[in-house]
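What follows is a set of notes on a single structure, which appears directly below.
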Amino acid sequence: MSEQMMANEDAVDGIEVEEDVLAVDESSDSAEGFDLSSPEGRYMARSKSFVSRARQLSDSLQHTWDAHAKEFVVEVPMGAGYTAVAEDAKPLSFKRLFNRDSVVRLEIGTGNGEQIVSAAVSHPDRDYIGFEVYRPGVAQTVSKAVKARVGNLRIIEADAAQALPILFPEACLDEVWTFFPDPWRKTKHHKRRLVQAGFAQAVARVLRPGGVWRLATDWSDYAFQMRDVIENSPYFENPYAGVNPHEDDPDPGRGGFATRWEGRVMTKFERRALDAGREVFDLVAQRL
């Protein structure tokens, strides 16, 4: 987690962050009130998992945005604010976005685009979509995509937690990635973490049976929470259940952590975390 992200979290103290109320309370791990079989299903109510950050672009990024955003950034009807998609927006057609039928993979939180652009370069036969809420990060991803000359990548500038149930059809993806989401380190802010039971249901809805949700974090307590969310979900199984136990785990012999996925690139963000002495945890959830 970068110093800027930590500062943003600290700045939340004393500020009431707006909540996007879309359905029922998120406190239950059950599927009550959330119909995975219905395209009208909506993500359970929760606080936003991010705080507002600057949207201004540098001159070079603004030039890239003006020249290339239309090639890569998906225009969707927006609701209130910069990151909320209109509730009546129509589901995306991947065939129209990419002009072909292919395997589509989704990254939630693309950052500056290192992971998703690398994947698009390595697998030109697949198509990739990313969610990112911060305009500078979207612009940096576009810049990398232009330099790499990839055409199999699209970015949505929106909050995935709110937009995913609206824009994505059921069972449309074979993989979803959530790498290094904001950890919200303070206990009183844990409710703002992205990986919760309700969000797991939203991810399960868009994955095909046998599909995979890959996660990573450099904060151990968040890793234990992610593991619990996966193993408590009726829609996923943990293929690494009981593997790689950790001494800091509240349940030390339990394990449940994957080996590092070879498809996850070593980003600057991860290198900074390792340099700071933090351990990186990989997790896998397989759709039942």
Is Asp218 salt-bridged to Arg272, cutoff N-O under 4.0 Å? no

Tell me, do Arg227 and Asp249 make a side-chain contact under 4.5 Å, heavy atoms counted? yes

Please verify the inter-ring angle class for Trp213 with Phe236; under 30° counts as parallel, over 60° as perpendicular, anything in between as tilted. tilted

Is it true that a side-chain atom of Gln196 and a backbone atom of Lys191 form a donor plus acceptor pair closer than 3.5 Å? yes

Count the heavy atoms belonging to other residues, nucleotides or ligands that lie under 6.0 Å from CG of Asp125, then report whether that count exceeds 12. yes

Do the side chains of Tyr128 and Val73 join up, straight or via other hydrophobic residues, at under 4.5 Å, putting them in one cluster? yes

Do Val284 and Val206 belong to the same hydrophobic cluster, where Ile, Leu, Val, Met, Phe, Trp and Tyr are linked whenever their side-chain heavy atoms lie under 4.5 Å apart, directly or via other members? no

For Pro245 versus Arg254, what's the shortest heavy-atom pair and its separation? CB-N, 4.5 Å

Would Asp282 and Phe257 count as a side chain to side chain contact (heavy atoms under 4.5 Å, CB included) if you check the C-alpha gap in whole Å, the side-chain angles of each, and the deciding distance to 0.1 Å? CA-CA 6 Å; Asp282 278 74; Phe257 304 103; over 6 Å; no

Answer yes if the ring centres of Phe168 and Phe94 are under 6.0 angstrom apart, and no otherwise. yes

Whether Glu175 and Arg214 form a salt bridge (side-chain N of Lys/Arg under 4.0 Å from carboxylate O of Asp/Glu) is what I want to check. yes

Same hydrophobic cluster for Leu194 and Leu167, using side-chain heavy-atom links shorter than 4.5 Å among ILVMFWY? yes

Check whether any side-chain heavy atom of Phe98 sits under 4.5 Å from a side-chain heavy atom of Ile129, and report yes or no. yes

Taking 4.0 angstrom as the limit, do Lys144 and Glu114 come out as a salt bridge? no

Is any side-chain heavy atom of Gln140 less than 4.5 Å from a side-chain heavy atom of Tyr134? no

Looking at every non-hydrogen atom in both residues, tell me the closest pair between Ala171 and Arg208 and how far apart they are. O-CG, 3.2 Å

Short question: side chain of His246, backbone of Gly255 - any donor-acceptor pair under 3.5 Å? no

Glu157 (side chain) donor-acceptor with Glu75 (main chain) under 3.5 angstrom: no

Can you list the steps and then say if Asp174 with Arg105 is a side chain to side chain contact (heavy atoms under 4.5 Å, CB included)? CA-CA 6 Å; Asp174 76 322; Arg105 294 183 172 176; 3.2 Å; yes

Between Phe281 and Asn244, is the side chain to side chain contact (heavy atoms under 4.5 Å, CB included) condition met? List the steps. CA-CA 10 Å; Phe281 295 78; Asn244 298 321; over 6 Å; no

Within the structure provided, determine whether Asp248 and Glu279 are in side-chain contact (heavy-atom separation under 4.5 Å). no

Could you please spell out the steps behind the side chain to side chain contact (heavy atoms under 4.5 Å, CB included) verdict for Val243 and Thr259? CA-CA 9 Å; Val243 177; Thr259 54; over 6 Å; no

If you define the side chain from C-beta out and look only at heavy atoms, does anything of Arg135 sit under 4.5 Å from Leu57? yes

Is a donor on one side and an acceptor on the other found under 3.5 Å between the side chain of Asn152 and the backbone of Ala120? yes

Flag the pair Asp221 and Arg193 as a salt bridge only when some basic side-chain nitrogen lies within less than 4.0 angstrom of an acidic carboxylate oxygen. yes

Do Arg205 and Leu164 come within less than 4.5 Å of each other through their side chains, counting heavy atoms only? no

Would you check if Leu92 and Ile156 make a side-chain contact, meaning some heavy-atom pair closer than 4.5 Å? yes

More than 12 non-hydrogen atoms from neighbouring residues, nucleotides or ligands closer than 6.0 Å to CZ on Arg271, yes or no? yes

Single-linkage hydrophobic cluster, 4.5 Å side-chain cutoff, Val212 and Trp177 together: no

Looking at Arg192 and Asp182, is any side-chain nitrogen of the basic one under 4.0 Å from a carboxylate oxygen of the acidic one? no

Tell me whether Arg100 at atom CZ has more than 12 heavy atoms from other residues, nucleotides or ligands lying less than 6.0 Å away. yes

Quick check: is Leu215 connected to Tyr240 through a chain of hydrophobic side chains (ILVMFWY, heavy atoms under 4.5 Å apart)? no

